[in-house]
Amino acid sequence: MAGTSITRRSFALAAVIAAGLGLVACGGTQSQSADSAAADTASAAETKTLVVFAAASLTESLTEAGDLFKAANDGVDISFNFDSSGTLKTQIQEGADCDVFISAGQKQMNQLDASATSGNDEGLDFINHDTRFDILENKVTLCVPDGNPKTVQGFDDMAKKLQAHDILLGMGNSDVPVGQYTQKILAYYNLDETELANAGCITYGTNVKEVTSQVTEAAVDCGIIYKTDATSANLTMVDEATEEMCGRVVYPAAATKNALQPELAASFLGFLKTKDAGDCFEKVGFTPLAEA
């Protein structure tokens with residue numbers, strides 16, 4: 001009986017020791033978890049996020065350039081907002097956080113730039129004019145779906161077929177730069193946009209990506225989009241607009257006056273002038289204008 005009592009006391013003592021060790025182990029695990037959480041919080045605090053508003057036509061090339069910039073700058077992230085320049089302009093003037101704005105046309109940038117020589121009709125003052133520069137040039141092209149069902153040969157042929165109400169053209173809205181360039185082309189051919197739209201010969205897209213999709217899906221017989229979007233979507237380009245038809249397609253870039261990351265914005269804009277960034281733009285058909 002005495003041996004049994006000693007054995008029971010030994011088991012009890014062992015249980016107490018095991019429980020104590022378990023508490024120590026749990027405490028260690030909890031401590032490690034706390035340390036890990038603290039490290040994650042510190043890492044998050046060190047990360048700087050640059051907010052970039054850019055024309056939809058820059059989606060592929062600017063995303064690639066942004067990845068290069070992030071790879072060369074530890075602790076930096078980029079939040080892109082791609083849309084029509086008109087929509088982005090409205091979002092900025094309504095107070096959306098934005099560090100860098102890249103427009104597909106001078107008009108939208110001028111509307112936000114109080115120091116612009118013209119076009120600042122609303123008296124808006126959101127652009128840091130000292131950071132502004134022309135970054136890229138694009139081209140306006142006429143594209144057709146696979147097989148070119150209506151055998152549209154070029155802008156001259158498009159104009160004739162629109163006049164005869166024989167085709168459906170896809171174009172951007174009037175507040176979208178690509179739509180504004182298209183309006184100049186229609187005016188060049190003395191075509192009445194309103195009459196053609198009422199006759200069901202024109203359909204619209206809210207940005208260049210929508211018009212690109214219309215052509216890709218053969219929802220239209222032809223569409224007027226940028227060379228870069230046609231290249232990215234592997235569309236057939238049957239013609240390229242001349243400067244006489246719609247002017248030059250130049251993209252301005254600048255930091256905003258309300259930038260939450262002004263130093264990072266300046267660094268990113270500087271990077272966009274480098275050859276590495278220029279290579280990303282040239283892949284899809286842009287012509288860099290500001291390489292350092």
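- Of the possible donor and acceptor atoms, one in the side chain of D192 sits under 3.5 Å from a partner among the backbone N and O of E195.
- Side-chain contact, N81 with Q91: a donor N or O sits under 3.5 Å from an acceptor N or O.
- With hydrogens and angles left out, the side-chain atoms of D134 and Y251 include no donor and acceptor closer than 3.5 Å.
- Counting heavy atoms from C-beta outward, L58 and L136 have side chains that approach closer than 4.5 Å.
- A donor atom on one side chain and an acceptor atom on the other are not found under 3.5 Å apart for E217 and S213.
- With sequence neighbours left out, D125 forms a side-chain hydrogen bond (donor to acceptor under 3.5 Å, both in side chains) with K257.
- Around atom CD of E263, no more than 12 heavy atoms belonging to other residues, nucleotides or ligands sit under 6.0 Å away.
- Using a 4.0 Å cut-off between charged side-chain N and carboxylate O, D229 and K209 make a salt bridge.
- D99 contributes a side-chain N or O that, together with a main-chain N or O of L260, makes up a donor-acceptor pair within less than 3.5 Å.
- The cationic atom of K139 (NZ for Lys, CZ for Arg) does not lie both less than 6.0 Å from the six-membered ring centre of Y226 and within 45° of the ring axis.
- Of the possible donor and acceptor atoms, none in the side chain of T274 sits under 3.5 Å from a partner among the backbone N and O of G270.
- A search for side-chain hydrogen bond (donor to acceptor under 3.5 Å, both in side chains) contacts involving T182 returns nothing, not counting sequence neighbours.
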Side-chain donor-acceptor pairs under 3.5 Å in residues 168-177, sequence neighbours left out?
none

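- With respect to K89 and E122, a salt bridge is recorded, a charged nitrogen being found less than 4.0 Å from a carboxylate O.
- For T236, the side chain to side chain contact (heavy atoms under 4.5 Å, CB included) partners are V144, V238, not counting sequence neighbours.
- By the 4.0 Å N-to-carboxylate-O rule, D166 lies too far from K161 to be salt-bridged with it.
- Chaining together hydrophobic side chains whose heavy atoms lie under 4.5 Å apart places F101 alongside V51, F53, L88, I92, M109, L112, L124, F126, I127.
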Take F82 and T63 through the test side-chain contact (heavy atoms from CB on, under 4.5 Å) and record every step on the way to the result.
CA-CA 10 Å; F82 294 106; T63 298; 3.6 Å; yes
Show your reasoning for whether side-chain contact (heavy atoms from CB on, under 4.5 Å) applies to N110 and K107.
CA-CA 5 Å; N110 288 343; K107 178 180 178 179; 5.8 Å; no
Checking V100 against I102 for the side-chain contact (heavy atoms from CB on, under 4.5 Å) test, could you report, in this order, the C-alpha distance in whole Å, the side-chain angles of both residues, the deciding distance, and whether it holds?
CA-CA 7 Å; V100 171; I102 307 177; 4.1 Å; yes
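- One finds a salt bridge joining D67 and K70 here, because a Lys/Arg side-chain nitrogen approaches an Asp/Glu carboxylate oxygen to under 4.0 Å.
- Between D279 and K275 there is a salt bridge, since a side-chain N of the basic residue sits under 4.0 Å from a carboxylate O of the acidic one.
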If you apply the rule side-chain contact (heavy atoms from CB on, under 4.5 Å), what do you find for T212 with L235, and how did you get there?
CA-CA 9 Å; T212 302; L235 289 175; 3.9 Å; yes
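- Evaluation of the salt bridge (Lys or Arg N to Asp or Glu O under 4.0 Å) rule for K283 yields E64 as partners, not counting sequence neighbours.
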